[in-house]
Asker: 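Before I ask anything, here is the structure I am working with.
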Amino acid sequence: MEAYQSLKNYNTFGIDVKATRFATFSDVVSLSDLLPDMRSMPHLVIGGGSNLLFTQDFDGLVVKNEIMGISEASRDSSSVILEVGAGEPWHAFVMHCVAHGFGGIENLSLIPGCVGASPMQNIGAYGVEIKDTFDYLDALEIATGTMHRFYNKDCAFGYRESVFKRGYKNQFVLCKVAFRLSLKPEVNTSYGVINQELERMGVSNPTIKEVSQAVIRIRQSKLPDPKVLGNAGSFFKNPVISMSHYQALQSEFPDLPAYPIDESSVKLPAGWLIEQCGWKGKTIGACGVHSLQALVLVNHGGATGKEIYTLSEAIIENVFERFQVPLEREVNIY
Ligand code: EPU
């Protein structure tokens, strides 16, 4: 275990803060050895660090999950269950599935981060969420050192939500995640831009590989590569508001895009609201709002977490003044 480790290379915003102590683990035995320290001081388990904003040094133990491996647990005529180490990079796992013709997560290509983070926040993109293929996960309970299995119904999945962000926060370390993937995949191109991109590629009956390629092209065209420009993907969640609030806004802003959830609620694209307030492409000191996607805050180099947090507060205030819609951060703040 190392003392006073810089976390700059362990968060995709590239924020230069320190942890009092830092350790990695690559199997359950080495994780178990860390449990006494995790019980006795504040701790944070990280994977790819792609959904984090550090606003100060972390006064405690940061542990990085490096449990690797992809193995087939079972298969029947229509599906296969793969068990995946929580430290596997998410995109590499998607590419593994696409290469083997296992369908279900191709729309989630190029999402940064590790497999262990995928159920924590029910990652989603282009009409697909992880809960659609998630089968179970094994997680070590920090207090007791025992392994627990959680099935889909146990995880309370919601929009970028799970029980591991709520009631079980900081209580378990996810070690292995199992997905049920289709051996007879049907592609999901319900999200408009996928069809447009496939048309541009000249594809009419897409395979999962082509859907994956279309998603990669779309993401590369507007989302910054964290290796080039520090960011944590969508900084805010898309807000859900009441139908009556939406109708009032719509009469004032006829171009307001909206996605109906049910009869009484509507989801709005936060990127649109932020862009309307004039933030898209704005730079404040060393940080700013991405020029191609207003939902993404970026570190142009040397920004502190506090600066990025302050920027996010100004955006939240501005959007609320203009639309009376409260934005919630998607990124975890430390
Ligand atoms: N829009 C703007 N200006 C912008 C950005 C978006 O007007 O600068 C509007 C447009 O009307 C566009 C709509 O917002 O049609 C939706 O934009 P986009 O398809 O880019 O998706 P998003 O709602 O901004 C969400 C997810 C992304 C995911 C995409 C695609 C959240 C918080 N974000 O973004 O997830 O990739 O949909 O499914 O739900 C992430 O979570 O880190 C992430 C990148």
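Quick note: residue numbers are just sequence positions, from 1. For ligands, and for the atoms within them, numbers begin at 1 and follow the listed sequence.
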Asker: When you compare the side chain of Thr189 with that of Val211, does any pair of heavy atoms fall below 4.5 Å?
Answerer: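 Contact flag for Val211/Thr189 side chains = yes.
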
Asker: Distance below 4.0 Å between atom 30 (C) of ligand 1 and any protein heavy atom?
Answerer: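 Neighbour list for atom 30 (C) of ligand 1 includes protein heavy atoms (cut-off 4.0 Å).
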
Asker: With the threshold set at under 4.0 angstrom, would you say Arg160 reaches ligand 1 through any of its heavy atoms?
Answerer: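 Yes, that is the case, since the closest heavy atom of the residue is under 4.0 Å from the ligand.
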
Asker: Going by the atom numbers of ligand 1, which of them fall below 4.0 Å from some non-hydrogen atom of Lys222?
Answerer: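 Counting from 1, the qualifying ligand atoms are 18 (P), 19 (O), 20 (O).
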
Asker: Taking atom types as modelled, is there a side-chain donor on Asp76 or Ser79 under 3.5 Å from an acceptor on the other?
Answerer: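 Their side chains do contain a donor-acceptor pair, which is all the 3.5 Å distance test asks for.
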
Asker: So for ligand 1, is Glu275 a polar contact partner (N or O within less than 3.5 Å, distance only)?
Answerer: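 N/O-N/O distance under 3.5 Å: yes.
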
Asker: Between Gln293 and ligand 1, which residue portion shows a heavy-atom distance shorter than 4.0 Å: side chain, backbone, both, or neither?
Answerer: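 The answer is both, backbone and side chain.
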
Asker: For atom 18 (P) of ligand 1, tell me which residue out of Trp272, Tyr159, Phe236, Tyr191 has the closest non-hydrogen atom.
Answerer: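 Heavy atom nearest to atom 18 (P) of ligand 1 belongs to Tyr191.
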
Asker: Just need the protein heavy atom nearest to atom 34 (O) of ligand 1, so name the residue and atom and give the distance.
Answerer: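 For atom 34 (O) of ligand 1, the nearest protein heavy atom is Leu295 CD2, 4.0 Å.
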
Asker: Do Glu141 and Thr144 get their side chains close enough for a donor-acceptor pair, meaning under 3.5 Å?
Answerer: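 The answer is yes; a qualifying pair exists.
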
Asker: Answer yes or no: does atom CD of Glu199 have more than 12 heavy-atom neighbours from other residues, nucleotides or ligands under 6.0 Å?
Answerer: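 Counting neighbours around CD of Glu199, 12 or fewer heavy atoms of other residues, nucleotides or ligands fall under 6.0 Å, so no.
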
Asker: At what distance is the nearest protein heavy atom to atom 36 (O) of ligand 1, and which residue and atom is it?
Answerer: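 Residue, atom and distance for the closest contact: Arg219 NH1, 3.4 Å.
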
Asker: Are any of the side-chain nitrogens in Glu330 or Arg160 under 4.0 Å away from the carboxylate oxygens of its partner?
Answerer: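 Salt bridge between Glu330 and Arg160, a charged N being under 4.0 Å from a carboxylate O: yes.
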
Asker: What I want to know is whether Ala294 and ligand 1 share at least one N or O pair that is separated by under 3.5 angstrom.
Answerer: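 Between Ala294 and ligand 1 (N or O atoms, distance only) the closest approach is under 3.5 Å.
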
Asker: Salt bridge or not for Asp138 and Lys176, using N-O below 4.0 Å?
Answerer: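 A salt bridge links Asp138 with Lys176.
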
Asker: Can you tell which part of Ala125 has a heavy atom less than 4.0 Å from ligand 1: side chain, backbone, both or neither?
Answerer: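 The part of Ala125 near ligand 1 is both the backbone and the side chain.
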
Asker: Enumerate the atoms of ligand 1 whose separation from the nearest heavy atom of Lys280 is less than 4.0 angstrom.
Answerer: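 By the 4.0 Å cutoff, the relevant atoms are 3 (N), 4 (C), 8 (O).
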
Asker: For atom 13 (C) of ligand 1, state which one of Tyr259, Tyr126, Phe235 supplies the nearest heavy atom.
Answerer: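 The residue whose heavy atom sits nearest atom 13 (C) of ligand 1 is Tyr259.
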
Asker: For atom 44 (C) of ligand 1, what is the closest protein heavy atom, and at what distance to 0.1 Å?
Answerer: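 Atom 44 (C) of ligand 1 sits closest to the protein heavy atom Ser234 OG, 3.3 Å.
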
Asker: Suppose we measure from atom 11 (O) of ligand 1 to each protein heavy atom; which comes out shortest, and what is that distance?
Answerer: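 I find the closest protein heavy atom is Pro257 CG, 3.6 Å.
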
Asker: Does a side chain donor of either Tyr334 or Gln56 reach within less than 3.5 Å of an acceptor in the other side chain?
Answerer: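 Judged by distance alone, the side chains do not pair up.
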
Asker: So if I count the atoms of ligand 1 from 1 in the order they appear, which ones are less than 4.0 Å from some heavy atom of Gly233?
Answerer: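 Contacts of ligand 1 toward Gly233, numbered from 1: 42 (O).
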
Asker: Are Lys184 and Glu186 close enough for a salt bridge, meaning some N to O gap below 4.0 Å?
Answerer: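 No, this pair does not count.
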
Asker: Would you call Glu161 and Arg166 a salt bridge, taking side-chain N to carboxylate O under 4.0 Å as the test?
Answerer: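 Yes.
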
Asker: What protein heavy atom sits nearest atom 23 (O) of ligand 1, and how far away is it?
Answerer: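 I find the closest protein heavy atom is Asn238 ND2, 2.8 Å.
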
Asker: For atom 14 (O) of ligand 1, what is the closest protein heavy atom, and at what distance to 0.1 Å?
Answerer: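 Nearest protein contact, heavy atoms only, for atom 14 (O) of ligand 1 is Pro269 CB, 3.1 Å.
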
Asker: Tell me which one of Lys280, Lys282, Arg322 satisfies salt bridge (charged side-chain N to carboxylate O under 4.0 Å, His left out) with Glu275.
Answerer: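 Exactly one option meets the salt bridge (charged side-chain N to carboxylate O under 4.0 Å, His left out) with Glu275, and it is Lys280.
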
Asker: Check this for me, if you would: do Arg180 and Asp135 make a salt bridge, where the nitrogen-to-carboxylate-oxygen distance has to be below 4.0 angstrom?
Answerer: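 Answer for the salt bridge query: yes.
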
Asker: Determine whether any heavy atom of His290 lies closer than 4.0 Å to an atom of ligand 1.
Answerer: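 No; His290 lies far enough from ligand 1 that no heavy-atom distance drops under 4.0 Å.
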
